[in-house]
Amino acid sequence: MSWETVIGLEIHVQLATKSKIFSGAATAYGADANTQACAVDLGLPGVLPVINEEAIRSAVKFGLAIDAQIAPHSVFARKNYFYPDLPKGYQISQFELPIVSGGTVEIQLQDGIKKTINVTRAHLEEDAGKSVHEGFGNLTGIDLNRAGTPLIEIVSEPEMCSAEEAVAYMKKIHTLVRYLEISDGNMQEGSFRCDANVSIRASGETSLGTRAEIKNINSFRFVEQAINHEVERQIDILEEGGKVVQETRLYDPDKNETRSMRSKEEANDYRYFPDPDLLPVELSRDEIDAIRTQLPELPDARRSRFIKELALSEYDSESLTANKEIADYFESALSAAGGEAKLCSNWVMGELSAALNRENKEISESPVSANMLGQLVLRIKDNTISNNIAKQVFEAMWNGEGDADGIIEARGLKQLTDSGEIEKLVDDVISDNPEQVEQFRNSPEEKRGKLIGFFVGQVMKKSRGKANPQQVNQLLSEKLNG
Amino acid sequence: MSIDSSEIEKIAWLARLSLNEDDIPASKADMSKILDLVEQMNTIDTGGIEPLAHPMDIRARLRADEVTETDQRAHFQKNAPATEDGHYLVPKVIE
């Protein structure tokens, strides 16, 4: 029997606001435990939540970016459950009237096929605190700094049918929230994490199978591994004639397996009701339109522009625009170089990316600025240096030796274009290697192209890489063939 | 409308209330009365009426995104039965 996988994702995105969603406490990551947890976050009696306008604006931006409906009237609700990192005994979330509903996200798969994934809804809610199980003996430590941090939870339709699609969708949402600058998207710090609903059905079946929900996956790689593992587990159960149980499971990356979290199941009766402490949020058409004017150019639009206006390939455009910082860097370098999109793209995706990877740096930490790289490309373009010499110059810039022009000057790397000087080098090489010249002249025409490489190499070596290769080639073939 | 004992026990569990066996009949009677009232309200035709999320017909006032709270950890933790290294301590909870 052949099986079909059905996946839906719930992505939690921490919004990059300075203060919490319902209180004026700071949201900065890494502060000392409980130093950013105020009376509202602690759920002390008598406190009242007041909504952060930036959180509302961020959610609206996301909704507009995926072409969703923005609710003119949305309501916060209490989701009731007991857990030590949730001091109030309820999480303020949205239930019946979320701020964003509908919308679509286009993903591109490895074979170039595009697929549209529908978003069911995106709602605002507060994050919970953190439980620390180590270091407190037989007790658990509770840090409520994260309690009240604004989140949007983005719920997709169950429309993905492989781990690859799920990862592509998650990456696309990640790119979007970074472009919109509504989240730092930092997965190690938990700013971007997801739950995956996975079910299996016989191929051709139209109704959905029983699903398992895998909680709190915080890397693209783990999403892929967790889904693949869960699919196998469910197929094994079904093939042995068993039944998948609807439950919450936790992915353990160390063991690469998922295991049941039964306690969460018992509590799964959340008794949502509208939070009486909070009035409904009303958004007029004018307010929504004003937010729309603040939207930046989005990745899909930028990719099309790179293809159309800069004549870059689909592959290059996709790679450059997948990350906003890289796309911004590329465009600044391009403007410093005064054109040559393909050459700039090669340098950004080639030499620069390799150096960043090697030292595990973000592009914002690059010792070579976009302007510096643009200047280097400019010197390749105007024939001051060859592409090979430029690699040396890049290394020197990376190591902090200054800008391209300074390094070219200091190291004397300027390309030799004086035909008299080049001719002298060519003559020297010819007279130093009589045997090879003999061999060249005795070879048939079609083999000469290959043999000339030896002489080019010798001339380049003598000039320490500075001779203009086109000129060298031309002079050599004139003299050797003549 | 009647409600059975197991429902009473479930509701008590969800609210983390510990009910004695002896309390159940009284709770059953009280809850049934509440449900009777709801039942009575359910007979009203609300077809043309929009659901109400809040009795006050005004929109939420939003606050600017500014940090206005300072660190008062020491003050708050005076109320806690047990703290260590800045953390509130609770019985071990682990999945």
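Naming: A, B, ... by sequence-line order, numbering from 1 per chain.
The choice from Leu144(A), Asn52(A), Leu278(A), Leu139(A) that makes the most heavy-atom pairs within less than 4.5 Å of chain B is Asn52(A). Chosen from Asp275(A), Ile56(A), Ile142(A), Leu44(A), the residue pairing most often with chain B at heavy-atom distances under 4.5 Å is Ile142(A). Between chain A and the options Asp71(B), Thr68(B), Val67(B), Asp65(B), heavy-atom pairs under 4.5 Å are most frequent for Asp65(B). If you tally non-hydrogen atom pairs under 4.5 Å between each of Pro274(A), Pro84(A), Ser131(A) and chain B, the highest count goes to Pro84(A). The residue among His73(A), Glu54(A), Arg57(A) with the most heavy atom pairs within less than 4.5 Å of chain B is Glu54(A).
No side-chain donor-acceptor contact under 3.5 Å links Asn20(B) to the backbone of Asp22(B). Judged purely by atom type and a 3.5 angstrom limit, Gln91(A) has no side-chain atom pairing as donor or acceptor with the backbone of Lys79(A). At distances below 3.5 Å, at least one donor-acceptor pair connects side-chain atoms of Asn145(A) with backbone N or O atoms of Asn34(A). Counting only distance, with no hydrogens or angles, the side chain of Arg78(A) and the backbone of Tyr90(A) share no donor-acceptor pair below 3.5 Å. Between the side chain of Arg63(B) and the main chain of Arg61(B), no donor-acceptor pair closer than 3.5 Å is present. Glu10(A) places no side-chain N or O within 3.5 Å of a backbone atom of Asp195(A) that could act as its donor or acceptor partner. Formation of a donor-acceptor pair under 3.5 Å by the Arg121(A) side chain with backbone atoms of Phe95(A) is found in this model. Within the 3.5 Å criterion, the main-chain N or O of Pro276(A) finds a donor-acceptor partner in the side chain of His54(B).
Minimum interatomic distance between Arg233(A) and Ala212(A) (heavy atoms only, all atoms of both residues): NH2-CB, 4.2 Å. The shortest heavy-atom contact between Gly129(A) and Arg146(A) is O-NH2, 3.1 Å.
Within the model, atoms CG of Asn80(A) and OG of Ser93(A) stand 11.0 Å from one another, a figure rounded to the nearest 0.5 Å. To the nearest 0.5 Å, atoms CD1 (Ile8(B)) and CD1 (Ile3(B)) are separated by 4.5 Å.
Both the backbone and the side chain of Asp32(A) come within less than 4.5 Å of a heavy atom in chain B. Of the atoms belonging to Ala31(A), not a single heavy atom falls under 4.5 Å from chain B. There is no contact between Ala82(B) and chain A, counting heavy-atom distances below 4.5 Å. Looking at Glu84(B), the atoms closer than 4.5 Å to chain A (heavy atoms on both sides) sit in the backbone and in the side chain alike. When heavy atoms are compared at a cutoff of 4.5 Å, Val50(A) approaches chain B by way of both its backbone and its side chain. Neither the backbone nor the side chain of Val40(A) comes within contact range of chain B; no heavy atoms are under 4.5 Å apart. Both the backbone and the side chain of Ala25(A) come within less than 4.5 Å of a heavy atom in chain B.
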Intermediate values then yes/no, side chain to side chain donor-acceptor pair (under 3.5 Å), Tyr251(A) and Asn256(A): CA-CA 7 Å; Tyr251(A) 178 66; Asn256(A) 189 26; 2.7 Å; yes
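For residues 72-81 of chain B, heavy-atom neighbours of chain A at less than 4.5 Å comprise Arg73(B), Phe76(B), Gln77(B), sorted by residue number. At a heavy-atom separation below 4.5 angstrom, chain B is approached by Thr17(A), Lys18(A), Ser19(A), Lys20(A), Ile21(A), Phe22(A), Ser23(A), Gly24(A) within residues 14-24 of chain A.
Counted by atom type alone, Asp286(A) and Ser284(A) present zero donor-acceptor pairs between their side chains at under 3.5 Å.
In summary, Lys33(B) and Asp36(B) do not engage in a salt bridge, as defined by a charged side-chain N under 4.0 Å from a carboxylate O.
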